[in-house]
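Single-structure report; data block below.
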Amino acid sequence: NAGVMQNPRHLVRRRGQEARLRCSPVKGHSHVYWYRQLPEEGLKFMVYLQKENIIDESGMPKERFSAEFPKEGPSILRIQQVVRGDSAAYFCASSPTTRGPDTEAFFGQGTRLTVV
Amino acid sequence: GESVGLHLPTLSVQEGDNSIINCAYSNSASDYFIWYKQESGKGPQFIIDIRSNMDKRQGQRVTVLLNKTVKHLSLQIAATQPGDSAVYFCAEDSSGTYKYIFGTGTRLKVLA
């Protein structure tokens with residue numbers, strides 16, 4: 001059984017370029033969460049999606065950032081016109097449902113974005 | 001609330017000793033708490049969780065204690081091993097989803 005797969009693992013972009021981060025959830029999981037982690041800090045929630053719907057994007061910056069989770073294919077976190085401050089590790093987690101007594105969210109290995 | 005850490009606090013313990021990692025959580029409405037272990041270059045790995053209707057929960061070599069009065073969470077690791085070296089994060093949730101609020105983390109170093 002494959003866990004949460006994120007790619008690429010490392011991504012380098014020049015300022016002003018676009019970054020596209022992909023997350024394939026655990027098979028059968030329809031809930032996806034994106035988090036951002038700066039060096040030496042905890043993870044910060046960005047967005048929560050279910051298939052084809054954004055449920056909660058309260059942690060997303062108002063500009064340049066967007067996320068989707070289409071009916072088919074991986075979830076995508078898209079950052080337009082990247083700036084140096086976007087450099088961070090981006091983690092995706094998936095779960096089969098909302099939080100329940102016998103459920104768990106699984107994290108991927110992350111994508112480390114470096115903006116030069 | 002949010003906090004910005006310049007350097008993670010570090011706990012150094014001798015191999016074989018017990019470790020206690022502490023965490024102050026922020027939201028009195030949180031009803032679910034979880035500890036994650038994160039090794040360098042990897043994603044968070046589940047260790048143990050506890051719901052707000054409990055004060056203590058035990059796993060294999062790990063125990064989580066919850067004190068809701070002072071909004072404090074602790075992780076105890078028995079007979080600490082070199083493989084336990086990592087950064088440990090507590091996280092809380094009140095939304096019924098996995099929209100966690102993570103703590104700033106503690107780096108555990110196990111000395112041989």
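A:Gln37 and B:Phe89 get closest at one heavy-atom pair: NE2-CZ, 3.4 Å. Between B:Gln38 and A:Leu43, the closest heavy-atom pair is OE1-CD1, 4.3 Å. Of all heavy-atom pairs spanning B:Lys42 and A:Arg112, the tightest one is N-NH2, 3.6 Å.
One hydrophobic cluster, built from ILVMFWY side chains closer than 4.5 Å, cannot hold both A:Val32 and A:Met5; they sit in different ones. When the side chains of ILVMFWY residues are joined at heavy-atom separations under 4.5 Å, either directly or via intervening members, B:Phe102 and B:Tyr88 end up in two distinct hydrophobic clusters. Residues B:Ile47 and B:Leu108 share a hydrophobic cluster, clusters being chains of Ile/Leu/Val/Met/Phe/Trp/Tyr side chains in contact below 4.5 Å. Under the 4.5 Å side-chain heavy-atom criterion for grouping Ile, Leu, Val, Met, Phe, Trp and Tyr, B:Ile77 is not connected to B:Leu65 through any hydrophobic cluster.
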Begin with the C-alpha distance, continue with both residues' side-chain angles, and end with the deciding distance and a verdict on side chain to side chain contact (heavy atoms under 4.5 Å, CB included) for B:Tyr98 and A:His31.
CA-CA 9 Å; B:Tyr98 295 99; A:His31 298 240; over 6 Å; no

Please step through side chain to side chain contact (heavy atoms under 4.5 Å, CB included) for the pair A:Asp56 and B:Lys99, ending with a clear verdict.
CA-CA 9 Å; A:Asp56 184 336; B:Lys99 179 187 171 184; 2.8 Å; yes

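Contact of B:Gln45 with chain A is not made at all, since no heavy-atom distance falls under 4.5 Å. Both the backbone and the side chain of A:Ala105 come within less than 4.5 Å of a heavy atom of chain B. Using a 4.5 Å cut-off between heavy atoms, B:Asp49 does not touch chain A at all. Interface residue A:Ser58: only side-chain heavy atoms are found under 4.5 Å from chain B.
Atom CD of A:Gln81 has 12 or fewer heavy atoms from other residues, nucleotides or ligands within 6.0 Å. Residue-environment remark: CD (A:Glu63) stays at or below the threshold of 12 foreign heavy atoms within 6.0 Å. Heavy atoms from other residues, nucleotides or ligands lying under 6.0 Å from NZ of B:Lys109 number 12 at most. Counting non-hydrogen atoms of neighbouring residues, nucleotides and ligands closer than 6.0 angstrom, the CZ atom of A:Arg15 reaches no more than 12 such neighbours.
The most heavy-atom pairs under 4.5 Å with chain B, out of A:Tyr35, A:Tyr48, A:Phe91, A:Phe106, come from A:Tyr35.
The CD atom of A:Glu104 lies 6.5 Å from the CD1 atom of B:Ile34; values are rounded to the nearest 0.5 Å.
Side chains of B:Thr97 and A:Tyr33 form a contact here, defined as non-hydrogen atoms less than 4.5 Å apart.
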